[in-house]
Protein chains: 4
Amino acid sequence: MEKGASGRTEVNSQRRKLILDIAARLFAHGGYSATTVRDIADEAGILSGSLYHHFSSKEAIIREILEDYLEGLLANYDVIVEENLSSKDTLYALIKAAFDMIDEQPHAVALYQNEAAFLQTIPGFEFLTSQSGRIEEVWQAQLAQGQAEGDIRASLDPAMAYRFIRDGMWSVVRWYRQDGKYSIDEVREQFILLLRGVLLNDE
Amino acid sequence: MEKGASGRTEVNSQRRKLILDIAARLFAHGGYSATTVRDIADEAGILSGSLYHHFSSKEAIIREILEDYLEGLLANYDVIVEENLSSKDTLYALIKAAFDMIDEQPHAVALYQNEAAFLQTIPGFEFLTSQSGRIEEVWQAQLAQGQAEGDIRASLDPAMAYRFIRDGMWSVVRWYRQDGKYSIDEVREQFILLLRGVLLNDE
Amino acid sequence: MEKGASGRTEVNSQRRKLILDIAARLFAHGGYSATTVRDIADEAGILSGSLYHHFSSKEAIIREILEDYLEGLLANYDVIVEENLSSKDTLYALIKAAFDMIDEQPHAVALYQNEAAFLQTIPGFEFLTSQSGRIEEVWQAQLAQGQAEGDIRASLDPAMAYRFIRDGMWSVVRWYRQDGKYSIDEVREQFILLLRGVLLNDE
Amino acid sequence: MEKGASGRTEVNSQRRKLILDIAARLFAHGGYSATTVRDIADEAGILSGSLYHHFSSKEAIIREILEDYLEGLLANYDVIVEENLSSKDTLYALIKAAFDMIDEQPHAVALYQNEAAFLQTIPGFEFLTSQSGRIEEVWQAQLAQGQAEGDIRASLDPAMAYRFIRDGMWSVVRWYRQDGKYSIDEVREQFILLLRGVLLNDE
DNA sequence: GATGAATGAGCATTCATTCAT
DNA sequence: AATGAATGAATGCTCATTCAT
């Protein structure tokens, strides 16, 4: 009888979740602009107008996808940071969290990579700017501490290093596929290897 | 063939070039799908219908931008490779060529980064696949040779290493701006520093 | 028939009445076409689909509002006419009945003023034509008798005079508000003063 | 070659005028809300999307109709007032101007009567409030002066008298038709007769 | 080369209505 | 009586493209 116990809300939220999943996939593959609400509705097996029973607009759909994604990512980050590991181990954990996201929510990750810059300028999407700022703060704090602890090359500019690492890492979503030949852990290990240096005997 | 006779065509090709520049900028900033031919025509100071005197379609515009871009990039790569430097020096030169592109043709670079994956699937854009394949071959050949020569960490998977490097490097276009605080050379130097290793004392 | 037995129906009819009141107000303010069934349902605190337990369609709602309104107005008129007063006193009484309607049922009056002409052409709204015809007959009979009795200017065309009076009078609903500075009786007195002549010394 | 001499702009403005005329008629008959841009386009013999070559929105169409109407009416009023006739003759002239409008532009008049109250609240339609204010000022000035000169019944409240006259007069558009049995001059004469008093021997 | 008018397909969204629960 | 999900048709509007002038 209660909301929690009743199947009604469950069904409702399952429907919403289904639509969000479909939309994330289509937005990620074809782009937000080029994907129509009919595309989404067709895959959900309903008419396009019926989408509006669940979401107030096409924008509201992508907003919810990105909000959920960033919220989840930052929650993972917060857990990691609260463990108070060394900066190096924290960085390893942050990297693992990112690769796990790529593995588990590739569409949301790709969507964020592709559309965030554009959406950031639109009213109602300010959270993209503030959340990406929080993410950057977490990383840069660890990079700076790593430099202090002697684990991170001191001559690196932390701001630029963060951007290089961030873009190289998250871009994995563009080519990593479950059906590919590498597991996500193998890819992550290669990435960490790369952070230990590509060019040798050169300093 | 002479100046007088070719004047008309010169003007014509100047107009074309102007439109291509405007389109590259607008496509890069707002996305190909979300940018209208009217947006382009407005900035060019003509009506949207008049664009069709210069280009057969909106697709033809982006195709020409990307063809020119990839052709130019590969031409630069060919010059570099033909110099027969050591693999390490060749890689440095390839990196420099890329950063110079980012500096000089940021819109085309950004456009390629953002839209190539989607456009690749469209008839008429097969050149994207073939040219990006050629680019990858150039890099992988040098990475493999670098491993043979002992300049590149042998435990790296060349295919993955290439992707990490490629994505981290070209993504610079997303945040590098002439009005930023770093010169393109400073950014490139930081990038090379990163390739020499972020994480230390760890092997 | 008893309170206990009729409770359900009472509640039912109270609900109906509430919905009719809300609908009349919204239709009067925003127009029938521009008011949605959801607007009505929202104010009634139910979902739009639930309206269809009380009314078979949006049209049925406005039909019932207008039927009730015209029925009530004509009932008042019938009482007045049956009193067999002089034509002048009958006209005064008809005018008072109209102004009281404006005071007590402003939304229904406004709705009838604004939408009747359009709705009259729609199947199912023939009663608008027949009832407005009956209203006109009542007035014109009194105007004609007033001319016979010498109380009404003989040179007036009764058909046109009726229309002028009708429109000037009922349009009061557009600007009369309880929060205005005039009472309904003051407005009515001014209207009667006007019927005694605006322009003087002129015949 | 000049704009004025060229047929291009003429044709353009003829098209616009045709669309405005059609829209005024349809809006007046079916209501602004219930009339679709497809209805208008159909009568103009073009597709609905082509309307947007001439007008930026459906709202822009009704706005232009009403702006033109009020501008024309006030221009007529200004000419009349500048003649400096007696207040009584000025009022006669204002009345004639109104009836001529009803005769010549019945759709615009009806549109204004039916929709102005609603549109007034919408951004971009503030001119309705300001222009109707100017109209009221013209009338009230003459009514007040008429009272001072002894031509208008002194016991009338000028504000209310104006509203009664205005509504009775402009509502003529609802029943006057060229194909009716009265000429516009006959209707006007009856209206003036009414202003000289309906009820007689009664003061 | 460019204009201005138009096309035709499509888009996000709205809305009255239905119906199983 | 009411809900919540869905329908299906329509709505205002956009956009790439065409073409006579």
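Lettering of chains follows the sequences in order, A, B, ..., and the numbering in each one begins at 1. What you see is a predicted model, and the numbers here were worked out from it, not measured in a lab.
- Atom-to-atom, CD1 of Ile61(B) to P of dC15(F) comes out at 15 Å; the value is rounded to the nearest Å.
- Taking atom CZ on Phe55(A) and atom P on dT14(E), their separation rounds to 15 Å, with Å as the unit.
- Considering only heavy atoms from C-beta on, Tyr69(C) stays 4.5 Å or farther from His107(C) through its side chain.
- Close to dA2(E), at under 4.0 Å from its OP1 or OP2, lies no side-chain N or O of His53(B).
- Contact annotation: the side chain of Leu18(B) never approaches that of Asp21(B) to less than 4.5 Å [non-hydrogen atoms, C-beta and beyond].
- Projected onto DNA chain E by closest heavy-atom contact, Gly49(D) and Ser48(C) fall at different nucleotides, the more 5' of which corresponds to Gly49(D).
- dA1(F) is unpaired under the criterion used here, namely a Watson-Crick or G-U wobble arrangement in which both key atom distances are under 3.5 Å.
- Rounded to an integer number of Å, the gap from Leu26(A) CG to dC11(E) P is 13 Å.
- Between Glu59(D) and Val37(B), it is Glu59(D) whose nearest contact on DNA chain F lies nearer the 5' terminus.
- Using a 4.0 Å heavy-atom criterion, one finds that Ser33(D) contacts no nucleic acid atom at all.
- Using a 4.5 Å heavy-atom threshold, the side chains of Phe27(A) and Asn114(A) count as separate.
- Protein atom CD1 of Ile122(D) is 14 Å distant from nucleotide atom P of dG12(F), rounded to whole Å.
- Residue contacts shown for Ser57(A) are limited to sugar-phosphate atoms, with no base heavy atom under 4.0 Å away.
- Put simply, CG on Leu47(C) is 8 Å from C1' on dA2(F), counting in whole angstrom units.
- Contact annotation for Ile46(A): backbone-only contact, meaning every heavy-atom pair under 4.0 Å involves sugar-phosphate atoms and none involves a base.
- Contact annotation: Tyr52(D) side-chain N/O to dT14(F) OP1/OP2 distance is not under 4.0 Å.
- In this structure, Arg15(C) reaches the dA2(F) phosphate: one of its side-chain N or O atoms is under 4.0 Å from OP1 or OP2.
- Of the side-chain N and O atoms in Ser50(A), one or more sit less than 4.0 angstrom from OP1 or OP2 of dT7(F).
- For dG10(E), its base never sits under 3.5 Å from the side chain of Arg38(A) at any donor and acceptor pair.
- Taking atom CG of Leu51(C) as the reference point, atom C1' of dA1(F) lies 12 Å away to the nearest angstrom.
- Separating the CG atom of Asp42(B) from the P atom of dT3(E) is a distance of 11 Å, rounded to the nearest angstrom.
- For the pair Thr35(C) (side chain) and Leu26(C) (backbone), a donor-acceptor distance under 3.5 Å is present.
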Evaluation steps, salt bridge (Lys or Arg N to Asp or Glu O under 4.0 Å), between Arg63(B) and Glu59(B):
CA-CA 6 Å; Arg63(B) 191 186 302 126; Glu59(B) 254 185 41; 3.5 Å; yes
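- Side-chain N/O atoms of His54(C) include one lying less than 4.0 angstrom from OP1 or OP2 on dA2(F).
- Across the protein-nucleic acid pair, Ile40(C) atom CD1 and dC15(E) atom P stand 12 Å apart, rounded to whole Å.
- Applying the 6.0 Å contact sphere to CD of Glu71(A) captures no more than 12 heavy atoms from other residues, nucleotides or ligands.
- dA9(E) is paired with dT14(F) under the criterion used here, namely a Watson-Crick or G-U wobble arrangement in which both key atom distances are under 3.5 Å.
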